[in-house]
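FYI, side chains are in, hydrogens and waters are out, and symmetry mates aren't considered; it's all heavy atoms of this structure.
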Amino acid sequence: MIDRKQLLSRHNPRLNAAQIDSPLSVGNGGFAFTADITGMQSLYELYSQNNLPLCIMSEWGWHVDPEGGSYTLKDLPLTEYDYAGRNVYYAVDKKPGSEHIYDWLRHNAHKFSLGRISLNVEQKEIQPKNISDIQQTLHLHEGKLESRFCVNGKAFEVITICSGESDTVGFSVKGDATASVVISFPYGHHGMAGADWEKEDSHSSVLSFEHDSNAWLIRRSMDDADYNVYIFASGGKVEPFADGTKKHFFEILPNNGKDFAFSVSFTKSQKLSVCPDFSVCLDSSKTLWESFWTNCGIIDFSKAKDERACELERRMVLSLYLSRIQGCGYLPPAETGLTLNSWYGRFHLEMHVWHSAYLPLFNNAELLKKSLNWYKEILPQARKNAAKNGYKGARWPKMVDSEGIDCPSPIATLLIWQQPHILYMLELIYRQTEDSSLLTEYWDIVKESVDFICDFLYYSDADGKYHIIAPAIPAQEEHDPRVVKNPCFELEYFRFGIELGLKWVKKMGNIQPPDKWAAVYANVAEPPSKDGLYLAHENCPDTFENFNRDHPSMLGAYGFIPGERIDKNAMRKTLKKVIDCWELETMWGWDFAMMAMTATRLGLPDLAIELLLMDTPKNTYVISGNNFQETRNDLPLYLPGNGSLLLTLAMMTAGYEGSEPMPGIPKNGMWDIAFENISMV
């Protein structure tokens, strides 16, 4: 058995300065609190100025700003395209006179920060210049953040933890008697910080004491986003902030001495029967993490002689932690999870597979099922999304809030590669659990997903094949949707999606597949190639000269999926060509994992390691473990990079159907590794 506690302790993130790119977070999958080096959010301005605002976020924390009106897609002029002789319409262009509507629909609903919790000393905010002797450690095994530091020479110790059972963050503070804690609340905003501190009159915060729960209650009212904040401070009290001029600022004051503990619960519920105090939060956090680390898949690289092994183990461990706190809730995660707002806090369904598909392979199928249930909730909306342009089945959107309604975008409404993701993830869950109840529970999702794929593919009398035709945007978003035809990856992935649907029917055993499925599956057009290289799409012969940037998505056709029709020699040449000519700085975090999967299937394990750890701006993993997208100020972290790394490690170790043992691990005597609870892809 792998000694998991020892393995984890090797990689506990440690800070001895305010490392702005690596604030550390605690959370439970649907709620997260991100802290500075005080264990709270005391240096809020410092981090905000450096494009990494400190937030408190929950997956239920959505806000619609009523300023300027309220709109739906029906209010927006659409862009007309020709699809095989008939008109189809998408919310793509920002047309003159409708700019405000377009932007409003993109910004609403948005995630917002639930508040800020900070430490004050002598009734003043802590200034960075006054902090010294910093020693901060995130203890991964129990999800506990321990922060030691001095303010003006006075020593403090702060413990920060998150309940595993509620959206509650708890703190233990040891230090000087002049310390107090300030909890404050902004108005919601669609920006990175999810906060507008200027609109004091646009929301309300009302303090009261709840005798039956022995807690202070702050009722928050903000347009459509009312919520309650319960503060359990057994050794203190809560009052409006001392100077009385700030409407939404409150102070937690210890009753006696310099040491105190408290917890803060955020909830949409009208009544919280019990507000867990710090000790309850601590026990809950320990229970969550002990269960998670005991059961999840893990790889021990400690005996490997290759000097890169330790870094690969670090990235794995921290990716597991970050994914568990940021993206294991009831909604698909956003690309920056619950740390801050990317794309207004909306989540991108084409990223769901990169975020989360590893979960069943690492023995956590139940965590993935939580967010897959959301697809059932929005199925009626997905049907409408298909039907509005005359397609059958359900078309899964791209950039959405919790309601599942696509928003206007030059990319979003035309993107297509998210469509088979739900089929891919369901198959992985079924393989791990062999739970036959899944078959009937998700049959509607499977059927409607495949129905759309089969109807979206265009049948050509000229060659008797089914094609992807314009308008469409593939995973490599560099292409004009009016000229895209038969993108390599999407052709194979759509075909693979139909195959998964046919297998699902066979597993059920008591129904017949729709007549069209088998015919389409057998006659999908061949993936395009030129000079022995796979192209981005059929109308892109200059793929490697003028489109050698962004995602080299054609590689996903044999790596991420089995790609039964792919010629291995041609794919090997294509991979080499991408490595030789691609503008690597334009690639994203998950591209390197995707390429490593391709190298693994091609029997190139040394290259797989090299690609997974390639030193490029968007393949950087900072101290916190976050995949930092160095060339983008709006993406200081990128969770699809973490999730795709884990998915790739599952393939490299446990393998795939028909593979040799550990197909992505070099056989050169330098990689003596062990793994547990990991299943093949």
Side-chain angles (χ1 to χ4, degrees), residues 18 23 33-49 53-56 113-134 136 145 147-160 169-187 193 195-201 203-209 215-220 229-264 266 277-278:
F33 177 90
T34 300
D36 58 32
I37 44 83
T38 69
M40 297 190 195
Q41 298 166 328
S42 312
L43 308 181
Y44 186 88
E45 292 299 327
L46 175 65
Y47 285 76
S48 295
Q49 291 165 7
L54 303 173
C55 299
I56 308 172
S113 184
L114 302 174
R116 173 192 174 192
I117 301 173
S118 57
L119 184 68
N120 276 18
V121 177
E122 297 176 350
Q123 296 293 308
K124 296 178 182 178
E125 286 198 8
I126 298 172
Q127 300 302 312
K129 64 182 180 181
N130 296 331
I131 302 182
S132 62
D133 303 311
I134 298 164
Q136 186 177 56
L145 181 61
S147 309
R148 299 174 186 268
F149 54 94
C150 291
V151 179
N152 297 326
K154 300 172 181 177
F156 288 87
E157 177 186 322
V158 176
I159 302 296
T160 311
V169 60
F171 303 88
S172 167
V173 182
K174 296 181 180 180
D176 189 78
T178 64
S180 64
V181 173
V182 174
I183 179 167
S184 50
F185 303 97
Y187 185 72
D196 184 338
W197 294 95
E198 302 299 321
K199 291 186 176 181
E200 288 190 344
D201 296 330
H203 56 122
S204 66
S205 307
V206 180
L207 175 67
S208 63
F209 184 73
W216 280 265
L217 166 64
I218 300 173
R219 294 190 183 277
R220 295 278 297 129
V229 182
Y230 289 86
I231 303 170
F232 190 95
S234 56
K237 57 184 177 180
V238 182
E239 295 180 349
F241 191 64
D243 67 8
T245 61
K246 298 179 179 179
K247 291 185 177 181
H248 308 288
F249 286 65
F250 303 88
E251 201 163 17
I252 305 173
L253 300 164
N255 288 335
N256 299 299
K258 57 186 180 180
D259 301 342
F260 63 104
F262 67 96
S263 63
V264 184
F266 299 84
D277 62 15
F278 175 79

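- Here the CG atom belonging to Asp277 is positioned 12.5 Å from the CZ atom belonging to Phe262, to the nearest 0.5 angstrom.
- Annotation: Gln49, atom CD; neighbour count of heavy atoms from other residues, nucleotides and ligands within 6.0 Å is above 12.
- You'll find the side chain of Phe185 stays beyond 4.5 Å of the side chain of Leu114, heavy atoms only.
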Between side-chain atoms of residues 175-183 and protein atoms elsewhere (two or more places apart, or another chain), which donor-acceptor pairs fall under 3.5 Å?
residue : atom : partner : partner atom : Å
Asp176  : OD2  : Thr178  : N            : 2.9
Asp176  : OD2  : Thr178  : OG1          : 2.4
Ser180  : OG   : Glu251  : OE2          : 2.7

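- Leu46 approaches Pro128 most closely through the heavy-atom pair CD2-CG, 4.0 Å.
- Using modelled atom types, one finds a donor on one side chain and an acceptor on the other under 3.5 Å when comparing Ser205 with Arg220.
- Listed by chain and number, the residues in a salt bridge (Lys or Arg N to Asp or Glu O under 4.0 Å) with Glu45 amount to none (sequence neighbours excluded).
- Across all their heavy atoms, Gly39 and Phe33 have their closest contact at O-CE2, 3.7 Å.
- In this structure, Tyr47 and Pro23 have side chains that are in contact, with non-hydrogen atoms separated by less than 4.5 Å.
- In this structure the side chain of Phe171 never reaches within 4.5 angstrom of the side chain of Ile159, judged on heavy atoms.
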Show me the donor-acceptor pairs, under 3.5 Å and distance only, between side chains in residues 149-157 and residues at least two apart or in other chains.
residue : atom : partner : partner atom : Å
Lys154  : NZ   : Glu122  : OE2          : 2.6
Glu157  : OE1  : Arg148  : NH1          : 2.9
Glu157  : OE1  : Arg148  : NH2          : 3.4

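- Proximity of a side-chain donor or acceptor of Glu200 to a complementary backbone N or O of Lys247 within less than 3.5 Å is not detected.
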Should Asn120 and Ile126 be marked as a side-chain contact (heavy atoms from CB on, under 4.5 Å) after you check the CA-CA gap, both sets of side-chain angles, and the distance that decides it?
CA-CA 6 Å; Asn120 276 18; Ile126 298 172; 5.8 Å; no
Evaluate the side-chain contact (heavy atoms from CB on, under 4.5 Å) criterion for residues Ile231 and Ile252: first the C-alpha distance (whole Å), next the side-chain angles of each, then the deciding distance (0.1 Å), finally the verdict.
CA-CA 9 Å; Ile231 303 170; Ile252 305 173; 3.8 Å; yes
Any chance you could lay out the side-chain contact (heavy atoms from CB on, under 4.5 Å) test for Phe209 and Leu217, step after step, and finish with the verdict?
CA-CA 6 Å; Phe209 184 73; Leu217 166 64; over 6 Å; no
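- Annotation: side chain to side chain donor-acceptor pair (under 3.5 Å) contacts of Ser113 (sequence neighbours excluded): none.
- Annotation: side chain of Ser42 is in contact with side chain of Asp36 (closest heavy-atom distance under 4.5 Å).
- Remark: Phe278 engages no residue in a ring-ring contact (aromatic ring centres under 6.0 Å, His included) (not counting sequence neighbours).
- Ile117 CD1 to Gln41 CD: the interatomic distance, rounded to the nearest 0.5 Å, is 6.5 Å.
- No more than 12 heavy atoms of other residues, nucleotides or ligands sit less than 6.0 Å from atom NZ of Lys174.
- Shown here are the side-chain contact (heavy atoms from CB on, under 4.5 Å) partners of Pro254, two or more places apart in sequence or in another chain: Phe260.
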From CA spacing to verdict: ring-ring contact (aromatic ring centres under 6.0 Å, His included), Trp197, Tyr44:
CA-CA 12 Å; Trp197 294 95; Tyr44 186 88; 5.8 Å; yes
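- For Gln136, the side chain to side chain donor-acceptor pair (under 3.5 Å) partners two or more places apart in sequence, or in a different chain, are Ser147.
- Proximity of Ile218 to Phe250: side-chain heavy atoms (C-beta onward) are separated by under 4.5 Å at one or more points.
- The shortest distance between side-chain heavy atoms of Thr34 and Cys55 does not fall below 4.5 Å.
- Residues forming a ring-ring contact (aromatic ring centres under 6.0 Å, His included) with His203 (at least two apart in sequence, or on another chain): Tyr187, His248.
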Ignoring hydrogens and angles, write down the donor-acceptor pairs under 3.5 Å from the side chains of residues 234-242, residues two or more places apart or on other chains.
residue : atom : partner : partner atom : Å
Lys237  : NZ   : Glu239  : OE2          : 3.4

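- With sequence neighbours excluded, no residue satisfies side chain to side chain donor-acceptor pair (under 3.5 Å) with Thr160.
- Partners of Lys124 under the side chain to side chain donor-acceptor pair (under 3.5 Å) rule, at least two apart in sequence or in another chain, do not exist in this structure.
- In this structure the side chain of Leu43 reaches within 4.5 angstrom of the side chain of Ile131, judged on heavy atoms.
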